Amino acid sequence: INRRAFADHEDKYKSFRKQTFAEHKVDFKSLERKMDQLEAEFNKETQAILTAERKVYMKKLTKAVEKGDKVAIKKATMNVQVAYSKIIREKMKESYEYGKRNAALEMGVNTPTNAKAILDQIDIQADAIAEMHIAQITNESKTKLVEVLNKGESTSAALAVADAAVAKKIVDFTRNTSQIVMSGYINHGRNTVFETYSDDIYALQRSEILDAGTCHYCLSVDGRIVEKDDPFGKNTVFHSSCRGIWVEILLDEDELPPIGGIPKSIRDRFGDAVNDLIQPKEPQAKKDSAARKEIEKRAKRKKKKNDKK
């Protein structure tokens, strides 16, 4: 496979900055389409089964509440965990497989086989996510139910609030899970290829150009280069809706940029996920980086907008 065949991808995918030499071999347009497809399919399938089960659950809860059956209220749940977990598992695996193929094509190597460890990881995580979501959905609905009843409002009003809580949680969970898990496992797949063919790799570069609205944190890491075995390079996505990826810089590429790493001030802000509490007030990008130019553009737009007020 001629990995230089991807040299025209930049003409097909327009980002907020010019692509680096290493990024030229990445088909960002196809990557974006696949992410969109996986997220849309996941949302459609999971919302369908959870919404159908919501009706069954609310019937059980309504019956228990109207009878004043405390035990039945406490036991009421959504019996859809197995089916929900199956969809999560299948989409995780599909994302992982795509990530592997995607990176292997860029490097011109064979796609590695699935290790039992990663399949076990997917299985465990899918079950854990499904179990947690079902528990939180039902707990939230019962909490809202009791809150309304404690205000002296009617049973029907309390049940309506509980039902609305279930509906909201279903949308929130499916959307956030699709955004985090799909992109995350595409990155896991890419990482598997990088680890398998580590001898061919010089370093890894973080690329955040797939994000339509890149946050301060992601702008701070965009374009930065780390050692191929840097633990920070194992991080997949930094938050919900994050579409950042690690791009391999190969030893035989014409440009081997210096490895600057990730500053401690940026590393220390990353935990399980980057949120508003740990976002930098301003992006922390190198002065000569493409991300810095984007930051300056945003600052000018913000100033122009404020001047008009």
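All of these numbers come straight from a predicted model, not from anything done at the bench.
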In terms of side-chain heavy atoms, does Gln121 have a donor or acceptor partner in Tyr185 at a distance below 3.5 Å?
yes

Gap between atom CG of Leu145 and atom CG of Asn150 - 0.5 Å precision
9.5 Å

Main-chain N/O of Arg175 paired to Ser178 side chain as donor or acceptor, under 3.5 Å:
yes

Measure the spacing between CD of Gln136 and OG1 of Thr143 and express it to the nearest 0.5 Å.
11.0 Å

Go through the steps for Asn102 and Arg190 under the test side chain to side chain donor-acceptor pair (under 3.5 Å), then give the verdict.
CA-CA 7 Å; Asn102 183 260; Arg190 293 179 64 83; 2.5 Å; yes

Rounding to 0.5 Å, atoms CG (Asn187) and CD1 (Ile245) come to a distance of 7.0 Å

Does a salt bridge link Glu90 with Lys93, judged by any charged N lying under 4.0 Å from a carboxylate O?
no

NZ/NE/NH1/NH2 to OD/OE distance under 4.0 Å, Arg101 and Glu106:
no

Using a 3.5 Å cut-off and no angle test, enumerate the donor-acceptor pairs between side-chain atoms of residues 161-171 and protein atoms at least two apart in sequence or in another chain.
unit_1	atom_1	unit_2	atom_2	d
Asp163	OD1	Arg54	NE	2.8
Asp163	OD1	Arg54	NH2	3.4
Asp163	OD2	Arg54	NH2	3.0
Lys168	NZ	Asp172	OD2	2.7

Minimum side-chain heavy-atom gap Cys242-Cys218 below 4.5 Å
yes

Give the minimum heavy-atom separation between Phe42 and Ile87, together with the two atoms involved.
CD1-CG2, 4.2 Å

Less than 4.5 Å apart, any side-chain heavy atom of Gln205 and any of Pro257?
no

Show the numbers, then the answer: is there a side chain to side chain contact (heavy atoms under 4.5 Å, CB included) between Thr192 and His188?
CA-CA 6 Å; Thr192 294; His188 277 306; 5.6 Å; no

When you look at NZ of Lys60, are more than 12 heavy atoms from neighbouring residues, nucleotides or ligands closer to it than 6.0 Å?
yes

Looking at Lys234 and Asp229, does any basic side-chain N land under 4.0 Å from a carboxylate oxygen?
no

Restricting to salt bridge (charged side-chain N to carboxylate O under 4.0 Å, His left out), what partner residues turn up for Lys44, sequence neighbours left out?
none

Does His133 form a ring-ring contact (aromatic ring centres under 6.0 Å, His included) with Phe173? I'd like the steps, not just the answer.
CA-CA 7 Å; His133 285 183; Phe173 280 147; 4.1 Å; yes

Can any side-chain N or O of Thr138 pair as donor or acceptor with the backbone N or O of Ala135 at less than 3.5 Å?
yes

Under a 4.0 Å N-O cut-off, is there an ion pair linking Arg243 with Glu39?
yes

Between Phe28 and Glu23, the two heavy atoms sitting closest are CE1-O, 3.6 Å

Show me the side-chain donor-acceptor pairs of residues 63-81 shorter than 3.5 Å, one per line, residues at least two apart or across chains.
unit_1	atom_1	unit_2	atom_2	d
Asp69	OD1	Val71	N	3.3
Asp69	OD1	Ala72	N	3.1

If you compare all heavy atoms of Ser141 against all heavy atoms of Tyr57, which two are closest, and at what distance to 0.1 Å?
OG-OH, 2.6 Å

Please round to the nearest 0.5 Å and tell me the distance separating atom CD1 of Ile186 and atom OG of Ser95.
5.0 Å

Verify same cluster id: Ile124, Met132 (apolar side-chain graph, 4.5 Å):
no

Heavy-atom pair of closest approach, residues Ala130 and Ile88
N-CD1, 4.1 Å

Surrounding NZ of Lys228 (heavy atoms of other residues, nucleotides or ligands, distance under 6.0 Å), is the total greater than 12?
yes

Are Val148 and Ile137 co-members of a hydrophobic cluster defined by side-chain heavy atoms under 4.5 Å apart?
no

Locate the shortest heavy-atom distance separating Leu204 from Phe194; write the atom from each residue and the value.
CD2-CD1, 3.8 Å

Which heavy atom of Ala203 sits nearest to which heavy atom of Val226, and what is that distance?
CB-O, 3.3 Å

Verify same cluster id: Leu119, Tyr96 (apolar side-chain graph, 4.5 Å):
yes

Check against side chain to side chain contact (heavy atoms under 4.5 Å, CB included), Val181 and Ile129
CA-CA 10 Å; Val181 172; Ile129 291 173; 4.1 Å; yes

When you look at Arg33 and Lys29, which way does the side chain to side chain contact (heavy atoms under 4.5 Å, CB included) test go after all the steps?
CA-CA 6 Å; Arg33 282 198 299 266; Lys29 195 66 179 177; 3.3 Å; yes

May I ask you to decide if Asn235's main-chain N or O and Trp246's side chain share a donor-acceptor pair within less than 3.5 Å?
yes

Enter the distance from Asp200:CG to Ile249:CD1 here, rounded to the nearest 0.5 Å.
14.0 Å

As a quick check of understanding, evaluate side chain to side chain contact (heavy atoms under 4.5 Å, CB included) for Val237 and Gln179, giving each step before the final call.
CA-CA 10 Å; Val237 293; Gln179 294 171 345; over 6 Å; no

Check Lys142 with Glu147, please: is the shortest side-chain N to carboxylate O separation under 4.0 Å?
no

Does a side-chain heavy-atom distance below 4.5 Å link Pro112 with Val193?
yes

Checking the side chain of Lys25 only, and the main-chain atoms of Glu248 only, is there a donor and an acceptor separated by less than 3.5 Å?
yes

Could Glu208 and Arg206 be called an ion pair, given the rule that one side-chain N must be under 4.0 Å from one carboxylate O?
yes

Separation between NZ of Lys91 and CG of Asn43, rounded to the nearest 0.5 Å
10.5 Å

Do Asn110 and Tyr197 make a side-chain contact, defined as non-hydrogen atoms from C-beta onward lying under 4.5 Å apart?
yes

Lys34 and Glu94 ion-paired at < 4.0 Å:
yes

